[in-house]
Every structure is written in structure tokens, then in C-alpha cells.
Amino acid sequence: MRKSKRRQTNLISVIIVVVTVVLMAFLAVCLHDQASLEVRFDAIISWLNKLERAVVGLDTHMEILLCIFALWIAKCQLPIPISLLCVLSGMVFPVQTAVLINVFCITVFFVIKYAEGSWIGGGWAMMILNIHQARFIKSWVLFRGKGNPYILLVSRFVPSIPLGMVSKLYGSMRYDFIYYVCLSIIGIAPRLYIYTRIGSEIYNPFSRAFILLAMVVVLFTGLTSLAFNIYYGVKSRQMNQSLLIYSQKEKYKIVL
């Protein structure tokens with residue numbers, strides 16, 4: 001069982017490393033040949049520049065803002081990536097304004113999901129924690145039924161962990177609402193800023209700024225996912241070993 005868990009963790013880690021390295025190598029090549037790419041795809045860049053000027057000249061920013069807010073509300077029930085929503089804001093508004101819009105919208109999202117959890121329970125997150133193989137995480141996350149603040153902060157920081165599931169879980173535990181909102185915003189802030197900056201640079205996807213931001217996203221996602229997978233694997237093996245020792249003790253107790 002321990003060997004199987006270790007092989008599974010190692011396989012996932014290798015896949016994460018390979019994908020991250022391949023994407024980073026590709027982006028490094030793009031960064032090296034950035035000038036030639038801008039020349040080669042000049043027609044695309046010219047069209048995107050026209051699109052940028054058209055967006056800047058719009059007189060319907062309030063309508064666009066309402067549409068973005070509606071998409072954030074829809075995210076409460078639909079699997080819409082926050083990266084897409086942040087990029088949309090960055091495309092239309094200046095970076096500082098777009099960041100404030102995204103912080104406000106993500107706060108509303110966190111409040112809604114917290115309320116859902118307090119009303120209808122932890123949902124899929126609690127069901128996963130109740131699975132026998134994942135019960136070692138339950139005491140770690142629940143933290144004596146009060147909720148672990150470190151897990152909340154890290155879960156917002158790691159892109160591979162669903163935001164809604166964690167929010168509903170902490171809502172079901174009646175975790176302190178002010179701490180919940182503050183920790184959630186602090187944890188998600190780096191991702192919001194990077195995604196928003198990508199939106200502001202998306203009109204020239206062959207620029208150095210855009211490529212560097214893409215490299216940051218790939219490296220950030222790869223490293224956090226790798227660290228989470230390794231930590232999960234270590235904790236899983238430790239818990240399996242503890243259960244094995246306990247079962248052996250109980251067996252000898254029965255024999256005696």
C-alpha cells in the first residue's frame with residue numbers, strides 16, 4: 001500500500017515537472033525570439049492594437065462592468081476560471097481599476113460561497129474528507145472543528161485547489177467570517193494581480209511583458225501544485241503507517 005501511494009505521488013510529480021519544464025522551455029524560446037515574433041505576426045498585433053483602441057474608446061464601460069460582475073455571480077454555480085474573469089477586467093480597464101474590480105468581485109464570490117456552506121453544508125469538500133482514504137486530511141483541515149487558517153490561506157494561493165469547495169467547507173464550519181474574508185483575499189491577491197496584468201498586456205501577446213507574465217503563471221502553478229502533491233503524499237504515507245501500527249497493536253491485544 002505504501003509503495004503504491006509513493007509510486008502514485010511520484011508519477012503525478014513527474015508529470016507536473018515535465019509539463020512545467022516543457023512550457024517554460026517553449027516560453028523561453030519565445031522570449032529569446034520575441035523581436036522576430038513581433039515582426040512575423042505583425043498583422044495579428046496590428047489587429048489587436050486596433051481592438052485595444054476600440055475598447056478604450058467605448059462609452060459603455062458601465063455596461064461592461066455590469067457584465068463582468070454578472071459573470072462573477074455566475075461563477076458561483078458555473079466552473080468559470082477566475083483567470084478569465086481577471087483577464088477580461090484587465091483588457092477593458094486600467095490595471096489599478098481592474099485590480100480593485102476583481103478584488104471586490106472575488107470578495108462577493110467568497111461571501112456567497114461561505115453563505116452557501118453555512119446554509120447547506122460543506123458539499124463535495126466534506127464528502128471527499130469523509131472518504132476513508134482521505135480522512136487523515138479531515139482532522140488536519142477541520143482543526144478541532146474550528147477550521148485551519150493556514151489551510152485556508154494556502155488553498156487560495158494554490159491554483160489547483162477549487163475556491164468554491166473550500167469556501168463552502170469553511171462556511172459549514174462557521175469559521176470566523178472576518179478572518180475568512182481577510183485570509184482569502186490575502187491568499188488570492190498575487191494570482192488576481194498577475195491575471196489582471198496579463199489582461200492588460202494581452203493586446204500584444206508577443207511582447208516581453210506578456211511572455212514574462214506567462215512564465216510566472218506557469219512556474220507559479222507548477223511549483224505550488226508540485227509542493228501540494230508532495231506534501232499530500234508524505235502526509236498520506238504517514239497516516240497509513242500510523243493506521244498500520246495501530247491495527248497491529250489491536251491484533252496483538254486481541255490475541256493476548
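Predicted model, so just to flag it, every value in this text is computed and none were measured.
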Trainee: With rounding to the nearest 0.5 Å, note down the distance linking CD1 in Ile112 to CD in Gln77.
Mentor: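 Taking CD1 in Ile112 and CD in Gln77, the distance rounds to 9.0 Å.
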Trainee: Should Phe93 and Leu65 count as side-chain neighbours, where that means a heavy-atom distance under 4.5 Å?
Mentor: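 Side-chain contact under 4.5 Å: yes.
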Trainee: When you group the ILVMFWY residues by side-chain heavy-atom contacts below 4.5 Å and let the links chain together, are Met24 and Phe26 in the same group?
Mentor: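 Phe26 and Met24: one cluster.
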Trainee: Hydrophobic clusters here meaning ILVMFWY residues chained together by side-chain heavy-atom distances under 4.5 Å, can you tell me if Ile185 and Leu192 are in one?
Mentor: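 Cluster IDs for Ile185 and Leu192 match.
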Trainee: Looking at every heavy atom in both Ile211 and Pro205, which two are closest together, and how far apart are they?
Mentor: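 Here Ile211 and Pro205 meet closest at CG1-O, 4.1 Å.
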Trainee: Side-chain heavy atoms nearer than 4.5 Å, only ILVMFWY residues, links allowed to pass through others: does that put Phe157 and Ile230 together?
Mentor: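 In one cluster: no.
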Trainee: Quick check for you: to the nearest 0.5 Å, what is the distance between Leu183 atom CG and Tyr150 atom OH?
Mentor: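 With rounding to 0.5 Å, CG (Leu183) is 10.0 Å from OH (Tyr150).
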Trainee: Yes or no on side-chain contact (heavy atoms from CB on, under 4.5 Å) for Leu71 and Leu84, after CA distance, side-chain angles and deciding distance?
Mentor: CA-CA 10 Å; Leu71 286 173; Leu84 174 62; over 6 Å; no
Trainee: For Tyr195 and Ser83, which heavy atoms make the closest approach, and how far apart are they?
Mentor: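 Looking at all heavy atoms of both residues, the closest pair is CD1-CA, 3.7 Å.
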Trainee: Run the side-chain contact (heavy atoms from CB on, under 4.5 Å) check on Phe69 and Cys105 step by step: do they pass?
Mentor: CA-CA 7 Å; Phe69 184 72; Cys105 290; 3.8 Å; yes
Trainee: Using 0.5 Å steps for rounding, measure from the CE atom of Met173 to the CG atom of Leu152.
Mentor: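 Going from the CE atom of Met173 to the CG atom of Leu152 covers 8.5 Å.
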Trainee: Does the Tyr114 side chain pair with the main chain of Tyr175, one donor and one acceptor, at a distance under 3.5 Å?
Mentor: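 Such a contact is found between Tyr114 side chain and Tyr175 backbone.
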Trainee: When hydrophobic residues are tied together by side-chain contacts of less than 4.5 Å, even through go-betweens, does Val29 share a cluster with Val18?
Mentor: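 Hydrophobic grouping puts Val29 apart from Val18.
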Trainee: Contact between Tyr170 and Lys113 at the side-chain level, heavy atoms closer than 4.5 Å - yes or no?
Mentor: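 Of all side-chain heavy-atom pairs linking Lys113 with Tyr170, none is under 4.5 Å.
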Trainee: Do Arg156 and Ser167 have side-chain N/O donor and acceptor atoms under 3.5 Å apart?
Mentor: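 A donor-acceptor contact under 3.5 Å links the two side chains.
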Trainee: Roughly how far, to the nearest 0.5 Å, is the OG1 atom of Thr20 from the CG atom of Leu219?
Mentor: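 Answer rounded to 0.5 Å: 7.5 Å.
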Trainee: Provide the closest heavy-atom pair for Glu201 versus Ser207 in the form atom of the first, atom of the second, distance.
Mentor: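 Distance-wise, the nearest heavy atoms are OE1-OG, 4.1 Å.
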Trainee: Apply side-chain contact (heavy atoms from CB on, under 4.5 Å) to residues Tyr193 and Val99 and explain how you reach the verdict.
Mentor: CA-CA 6 Å; Tyr193 178 75; Val99 168; 4.1 Å; yes
Trainee: Show the nearest heavy-atom pair for residues Ile16 and Gly222, with the distance to one decimal.
Mentor: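 Heavy atoms only, the tightest pair is CG2-O, 3.5 Å.
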Trainee: Nearest 0.5 Å, what's the OG1-CG distance between Thr107 and Asn102?
Mentor: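 Thr107 OG1 to Asn102 CG: 10.0 Å, rounded to 0.5 Å.
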Trainee: Do Phe109 and Leu85 touch side chain to side chain, with heavy atoms closer than 4.5 Å?
Mentor: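 Side-chain contact under 4.5 Å: no.
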Trainee: Quick one: CH2 on Trp72 to CD1 on Ile80, what's the gap to the nearest 0.5 Å?
Mentor: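 Here the interatomic distance stands at 9.5 Å.
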Trainee: In this structure, is the centre-to-centre distance between the rings of Phe177 and Phe110 below 6.0 Å?
Mentor: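 So the answer is no for these two rings.
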Trainee: Flag yes if Val19 and Leu27 sit in one hydrophobic cluster, no otherwise; membership is Ile, Leu, Val, Met, Phe, Trp, Tyr, and two members link when side-chain heavy atoms are under 4.5 Å apart.
Mentor: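 Yes, Val19 connects to Leu27 through the hydrophobic network.
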Trainee: Measure across Ile82 and Arg191 and return the closest heavy-atom pair with its distance rounded to 0.1 Å.
Mentor: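 Result for this residue pair: CD1-NH2, 3.6 Å.
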Trainee: Would a distance-only check, ignoring hydrogens and angles, find a side-chain to backbone donor-acceptor pair under 3.5 Å from Tyr203 to Met91?
Mentor: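 Side chain of Tyr203 to backbone of Met91: a pair is present.
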Trainee: Please answer whether the main-chain N or O of Val218 pairs with a side-chain N or O of Thr221 as donor and acceptor at a distance below 3.5 Å.
Mentor: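 No.
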Trainee: If I compare all heavy atoms of Thr196 with all of Val95, which pair ends up nearest, and what's the gap?
Mentor: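 Reported closest heavy-atom pair: CG2-O, 4.1 Å.
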